[in-house]
Number of protein chains: 2
Amino acid sequence: MKQKPTLKVIAKELDVSVSTVSKALRDSKEIGEETKRKVKAFAKLYNYRPNNIALSLKNKKTKTLGVIIPEIVHHFFTTVISGIEHYANDKGYNVIVGLSNESFKKEVINLEMLANGSIDGFIISVAKETLSFKDFHHLSETIDQGIPIVMFDRVIDDIECDKVIVDDVKTSAKAVQKLIDGGCKNIGIISTKDYVSVGRLRTEGYKNALNANHIEIQKSRILKIDDKFNSDDNIEFLEEQIYTYFEENEVDGLFAVNELYAITAMKVARQKGLTIPDDLQVIGFTDGVLSKHAFPPLTTISQHGFEMGEESAKLLIDRLENPNEDEEPFKTIVVKTDIIDRETTKLHNPKK
Amino acid sequence: MKQKPTLKVIAKELDVSVSTVSKALRDSKEIGEETKRKVKAFAKLYNYRPNNIALSLKNKKTKTLGVIIPEIVHHFFTTVISGIEHYANDKGYNVIVGLSNESFKKEVINLEMLANGSIDGFIISVAKETLSFKDFHHLSETIDQGIPIVMFDRVIDDIECDKVIVDDVKTSAKAVQKLIDGGCKNIGIISTKDYVSVGRLRTEGYKNALNANHIEIQKSRILKIDDKFNSDDNIEFLEEQIYTYFEENEVDGLFAVNELYAITAMKVARQKGLTIPDDLQVIGFTDGVLSKHAFPPLTTISQHGFEMGEESAKLLIDRLENPNEDEEPFKTIVVKTDIIDRETTKLHNPKK
DNA sequence: ATGAAAGCGCTAACAT
DNA sequence: ATGTTAGCGCTTTCAT
């Protein structure tokens, strides 16, 4: 087992001083050609690499980003992480991932654990519990300490920081409009409770579209699923709620704020003997594996998670590397969305 | 913006020495009660937290694990990460995630980037390209430098280190046996090229099961998909290969080495007018979202990714924290698998 | 052209 | 009971 060499051992071995070695390796003109050559050769031979930790301590920056998300077994979030990694690695940054598991407490712990020097800045999508508690002190304190935060997707209006979102209201309206154009008369929505910003905004878009078409909004057609935690563990509960919804509402068009809700609704609808898209048209939000491989393949809104990740990383790294970061006003980037036409809607022929 | 306080500023503020502060905070009995109280109160007031980087440099360990996986937009891998995070966080470790994107070069870069002090050890699932190149120098060198590696799922026999796997051969045989018991006469397999260890082993299990039942092995029924890279980007290509396969083979039972292959095969089969499970029974490997929400829900093998993650983290942390780590023999943990009965097979009534 | 020394934040052995 | 010092690995200023 050969230990990683340090400047010190190289110095001793070559009988020069540590600083000479350091300078030689960084090609300082203070050092003589001959010495440089010797040092470099030796360093290469022993595969010298500067110790990141020492550099971090010296430079007071770690070149690593902390990403805190509610769950990782989730297509959208992993897509975002991909985008973050892609941009970050390109700029020489590493990525530490922390999972809040939708829990306020875990989010706080993760934040604190990493805020003590481990990372230069955060990219975060806030836990549902945090959103419902409306307790954001950990976030504002972090920012107060000079550690920049970029929020994406699940965002807090009251906190001043860079944000990357999707225009949930407009996008949802577009989706509902598509349902209307496709001939749906009775359109419902499966959303989340209002404290989840994206749920609230998407519901707003749904209402806007109905209003714009002079269709009366019926409260009973708005189902707000209450899943504080990972809904994937709780399919039965979800199915039940949707089942009841179908009992009480006769809809021929359905907009779901995520693909799981959409897929589950389709399953329940099928059980009730409905044919998709003939009896019921469905549009989901977030283009994940489920949508693509569903039966029938689900028409859905692509959120471009990869791009959101890239934009978030860019925003954060820009702020970190910009000398007068404090003066830069905070930006909110709105990433565009697309409707991916598949086979659960009637208008336009599905392309493939 | 209030800066994080250091021991130094606390010391100056309280007019004592840095070491006194340090000791007081760690409740050393060398320090007087009165001073301790004062220091602690001050520290709490200013929300003092020791700087992780400084600790890392001092202790020569970072309390963070490096996880390198081929892709993150992938249910199995994220499940494993969840397990790793769960165990690691519990033990006070953080997790840095690096993506190889199935590329040899990116795997090497990631490894080197993190091996310079950023992490204490690696958990890795090897990229397909690395497997096909058979170039493992980066892995052996890392181990040589005293940085322990735990491999999971895609594992290299020639490298000595801790490993966490599934008994691919036996599990696959069990799956194929189930098909046989369910009345299938002509059973095929959709696997990967042999350099992917899990593909090779699962194919072996398939053959074993056929042999054990005195069923002749027909080479044409073994389809080895050649997707060096992320197959999710390449669905058409996959569909084509499977389509051709169905043209050339008449099978009534199909074992697929991952859920994507299974789902895609089901889709193609449906296009050809086959009914599942009446005309064709299917079993997949890896229980992901796709399987659960497929139509019909896919009978599949659960690999217990979360547990694999936990076991990997445990193996790694044990080795890191065990004083005489070098002497411990390397372990290979075989995580058990289960067949999850759903609706693409006939034997046994699906439970839910 | 080379080296000594200070310092990043912290701990711990060793004074006092 | 408290302080001084050295050191983790590196960079950089300031001698020489």
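Here is the naming used below: chain letters follow the sequence lines, and residue numbers restart at 1 for every chain. Owing to the predicted nature of the structure, the values given are computational and were not obtained by experimental measurement.
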State, without any angle test, whether [X] and [Y] hold a side-chain donor-acceptor pair at a distance under 3.5 Å.
X: B/N116; Y: A/K4; value: yes
X: A/H138; Y: A/E112; value: no
X: A/T20; Y: A/S17; value: yes

Any salt bridge between [X] and [Y], counting N to O under 4.0 Å?
X: A/D158; Y: A/K134; result: no
X: A/R319; Y: A/D162; result: yes
X: A/K331; Y: A/E311; result: no

Going 5' to 3' through nucleotides 8-16 of chain D and flagging B where a protein heavy-atom sits under 4.0 Å of the base, S where only the sugar-phosphate is that close, and - otherwise, we get BBBBBB---

Flag, side chain of A/N51 to backbone of A/I53, donor-acceptor distance under 3.5 Å = yes

Would a distance-only check, ignoring hydrogens and angles, find a side-chain to backbone donor-acceptor pair under 3.5 Å from B/E129 to B/S103?
-> no

Who are the ring pair (Phe, Tyr, Trp, His ring centres under 6.0 Å) partners of A/Y93, not counting sequence neighbours?
-> none

Considering residues at least two apart in sequence or located in another chain, which fulfil the ring pair (Phe, Tyr, Trp, His ring centres under 6.0 Å) criterion with A/F306?
-> A/H86

Would you jot down, in residue-number order, the residues of residues 108-120 of chain A having a non-hydrogen atom under 4.0 Å from DNA chain C?
-> none

Using a cut-off of 4.0 Å on non-hydrogen atoms, how would the nucleic acid contact of B/T35 be classed: base, sugar-phosphate, or nothing?
-> sugar-phosphate

5' to 3' contact window, DNA chain C with chain A (heavy-atom distance under 4.0 Å) = C/dA1 to C/dG9

Is B/R26 close to B/S22 at the side-chain level, that is, under 4.5 Å between some pair of heavy atoms?
-> yes

Answer yes or no: does atom NZ of A/K36 have more than 12 heavy-atom neighbours from other residues, nucleotides or ligands under 6.0 Å?
-> yes

For the helix from C/dA1-D/dT16 to C/dT16-D/dA1, figure out the bend between the end axes, five pairs an end, and round to 10 degrees.
-> 60°

